[in-house]
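Just so it is clear, the model here is predicted, and its values are computed rather than measured.
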Amino acid sequence: MQITSLRMINKEKYLGQFFSGGKIAKLLFELLDTSSIQTVVDPMCGIGDMFEPFQDGPYQIYANEIDKAAYNSCKCRFPNITISNYNCFSSCAFNSYIAPGYDLVITNPPYIRYQLRDKVQSIVDNEWLGLEDIKQQLKNYCEIVITDHYEKELFKSCIETISGLADLAVPCWILCLMLLRPGGQLAIVMPNAWLTREYSMPVKKLLGEILELNYVINDANSAWFTGKAQVKTTLLIGRRCKPKQSHLISIVDLYKNAISETSLIGKIPETDPKKAFKGNYQIENLYKCSLVFQTDFLNPVSSLSATLLTLPTSIGWKRLELYGINIGQGLRSGANIFFYPESFKQDRNCSKYLIEAIQKQSDLIGYSITEGNSHLIYIQDALTPEDFALTYTQHQKHFSILPTTLCEYIAQYSRVKKGETMIPELSSVKTNVTIQNEIRPPRFWYMLPKLKARHLAPLFIPRVNGGCPIVRYNPNTLVIDANFCTIWLDEKSDLTVMALLAILNSSWCTLQYEELGTVLGGGALKLDAAQLKKVILPKLETQDIKRLHDLGTMLSSCTSINEKIITDIDEIIIRSIGVSGKDVYTYSKTIKQRIDYLLKQRQHGSKRN
């Protein structure tokens, strides 16, 4: 019993097996144009939940599933479908797909994080492929099934740009789009925030070129999945054709109060979702529908940014990165339990190998952080005696022997498991290892890579924010953990760090954080580098930058929010877009009111307007 339970937990974690259920499939079915559907496929079908609404209709249903147990369950539930048990990217699977594609591709792809991809082989009784093999298979299949020259080159380009940090859903999406015939329909389940991820760019590019979106349905209260899959979910429905520039899609926020025992919309008065979701309309606590241009959905900017974009081009607005502002993420150790030790901080022999780090957000006070709230093990030029003995003689001169206390700590944690894997064998830790040769000295699992600019950046902002996000100054070049996005300037930037501290704490930027960020289930605001890069600033003159530098210097000494300084910063930015006189105050007040509104909305668990 325990072994079975563990295997099921592994499948949830490593195969992304959170099955959709009949209610999601039913809503997708009701929003499709079923009159044009004869052939249906789910290339990663799980136990077949998506087929429930189709089983009694005149449809030819095709399916594929890599996991043998799920395959058998699906085959038992739907004995009349054509189903295969392959890796969906394998040559066998490609040979089983029909040409020139299907009328409908409907699926809930496995959102398997890149760190877990290598773990899947141990729990599937089938062929498993690495990312580079998957990309090559997709390119080969593209040559066969995509006949339009432009689309073929588009697909190949997007396949080539799939990031090594992408989850498995990225190639799955591309496969689904390949399996669609021209004019065919796509119905797909995804996490709400997935398209905001930087690694989803290849998919967004394809969606913008070859898919006309019809509906985007959001699970506003994270109510559709239970258990460990408590994330906001989105349903996306579209048709394979080049979208028009002015094409509108229905964005729908569905609340849990709309759910009945049999339907996600069972308590909405209008029983036909196509009629309910056709315009700008809402019923409080049940649903809200908005019409949005497809281009705006795929390339969102904040409403403040959108306003700025309508101003005369002479103002010279720019995104942050065009100001020479770099945005990244802090240090991801891969095993915090080892690299951020609680013990031996006072051991003088070990202190050489411990450096201060900013890891926890809860301890941060004020705008300047001069001391770390954790210590990081950072070893570059010392080894355990055992590893020193294995090191080639010509390389031993580069290393000393670690203190006994630290050696014992390393030995202890080399036998500790994180989940089911020993810490040295974690995919995120194994990358620390360098195999020595005659020229190159070795590196071992307990030796983090050399720190980069993004790990020691002068400014940082939490990735998860309960209140309004605050950008803080790191004057002592402390290591910044991956809990934060980090910000630093190019050498050629006209800005100074203090001017940038002022700018990024302005109401102008805070509003854009609130509008561009992702609201999590508990009301916190999540910001990633891709979202922050979309923040837009007006052109700032030399005298503006000097005044902002002075205000940033004043702000850096504050131990709490100083509204007077923030207001002075706001005034400089607002005046730079041509606002003057009493309008400056009006504009500033409007921005702050909008921030307060959005903050209260997310903290009280309501979906935003």
Side-chain angles (χ1 to χ4, degrees), residues 16 89 105 107 109-115 117 131-132 134-139 141-142 146 150-178 180 186 188-213 216 231-232 234 236 238 240 242-243 245 247 249 251 292-302 305-306 309 318-322 325-329 332 454 463 482 485-486 512-513 515-518 526-536:
F89 301 106
V105 178
T107 193
Y111 293 86
I112 303 172
R113 293 186 302 162
Y114 76 95
Q115 298 99 325
R117 287 196 300 250
L131 182 60
E132 290 305 314
I134 290 173
K135 289 166 69 173
Q136 187 57 53
Q137 286 287 92
L138 286 172
K139 283 189 278 189
Y141 192 57
C142 176
I146 307 299
Y150 174 78
E151 289 190 357
K152 181 176 291 190
E153 293 305 311
L154 177 65
F155 268 103
K156 287 163 65 175
S157 171
C158 291
I159 293 165
E160 195 58 47
T161 57
I162 297 175
S163 166
L165 302 179
D167 60 36
L168 196 64
V170 174
C172 287
W173 271 73
I174 293 175
L175 172 62
C176 290
L177 291 168
M178 281 188 184
L180 272 181
L186 176 72
I188 200 162
V189 181
M190 66 179 185
N192 178 266
W194 188 76
L195 281 176
T196 69
R197 299 290 182 260
E198 203 156 2
Y199 56 66
S200 71
M201 287 304 296
V203 171
K204 290 176 70 174
K205 185 175 181 181
L206 282 169
L207 293 181
E209 292 277 354
I210 67 167
L211 199 78
E212 186 177 83
L213 300 178
V216 176
V231 296
K232 288 187 177 179
T234 291
L236 186 147
R240 188 172 169 197
K242 186 170 181 62
Q245 188 70 24
H247 178 66
I249 59 178
I251 308 289
V292 176
F293 289 116
Q294 177 165 329
T295 51
D296 292 341
F297 169 71
L298 293 175
N299 301 286
V301 295
S302 75
S305 298
L309 291 171
K318 294 180 182 178
R319 295 183 188 270
L320 289 187
E321 55 191 333
L322 296 179
I325 300 168
N326 300 288
I327 302 174
Q329 190 174 348
R332 186 179 295 279
R454 65 186 177 91
R463 294 177 65 221
C485 288
T486 55
Q512 293 183 76
Y513 305 151
E515 293 184 326
L516 292 167
T518 303
K526 185 174 183 181
L527 294 168
D528 59 31
Q531 291 165 330
L532 291 171
K533 288 176 182 177
K534 293 176 182 175
V535 170
I536 288 180

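- K526 contributes no side-chain N or O that, together with a main-chain N or O of T518, makes up a donor-acceptor pair within less than 3.5 Å.
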Practice problem: Using the side-chain contact (heavy atoms from CB on, under 4.5 Å) rule, take T107 and V189 through it: C-alpha gap first, then chi angles, then the decisive distance, then the call. | Solution: CA-CA 7 Å; T107 193; V189 181; over 6 Å; no
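- No more than 12 heavy atoms of other residues, nucleotides or ligands shown are found within 6.0 angstrom of NZ on K205.
- Nearest approach of Q294 to L207, heavy atoms of both residues: NE2-O, 3.3 Å.
- M178 and C142 make their closest contact through CE-CB, 3.5 Å (heavy atoms, listed as atom of the first residue, atom of the second, distance).
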Quiz prompt | From CA spacing to verdict: side-chain hydrogen bond (donor to acceptor under 3.5 Å, both in side chains), Y513, Q531 | solution = CA-CA 8 Å; Y513 305 151; Q531 291 165 330; over 6 Å; no
Self-check item: Audit row: Q329, C485, side-chain contact (heavy atoms from CB on, under 4.5 Å) steps and yes/no
Solution: CA-CA 4 Å; Q329 190 174 348; C485 288; 5.6 Å; no
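- With hydrogens and angles disregarded, a donor-acceptor distance shorter than 3.5 Å links the side chain of K204 to the backbone of L298.
- For R240 (side chain) and L180 (main-chain N/O), a donor-acceptor pair under 3.5 Å exists by modelled atom type.
- Of the possible polar contacts, one joining the T486 side chain to the R454 backbone as a donor-acceptor pair under 3.5 Å is found.
- Between the side chain of Q137 and the backbone N or O of F89 there is at least one donor-acceptor pair closer than 3.5 Å.
- The main-chain N or O of L154 is never found under 3.5 Å from a side-chain atom of S157 such that the two would form a donor-acceptor pair.
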Quiz item: Can you list the steps and then say if V535 with R319 is a side-chain contact (heavy atoms from CB on, under 4.5 Å)?
Solution: CA-CA 6 Å; V535 170; R319 295 183 188 270; over 6 Å; no
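- Between G208 and P243 the shortest heavy-atom distance is O-CG, 3.3 Å.
- The pair K242-E212 does not meet the salt-bridge criterion, since no charged nitrogen lies less than 4.0 angstrom from a carboxylate oxygen.
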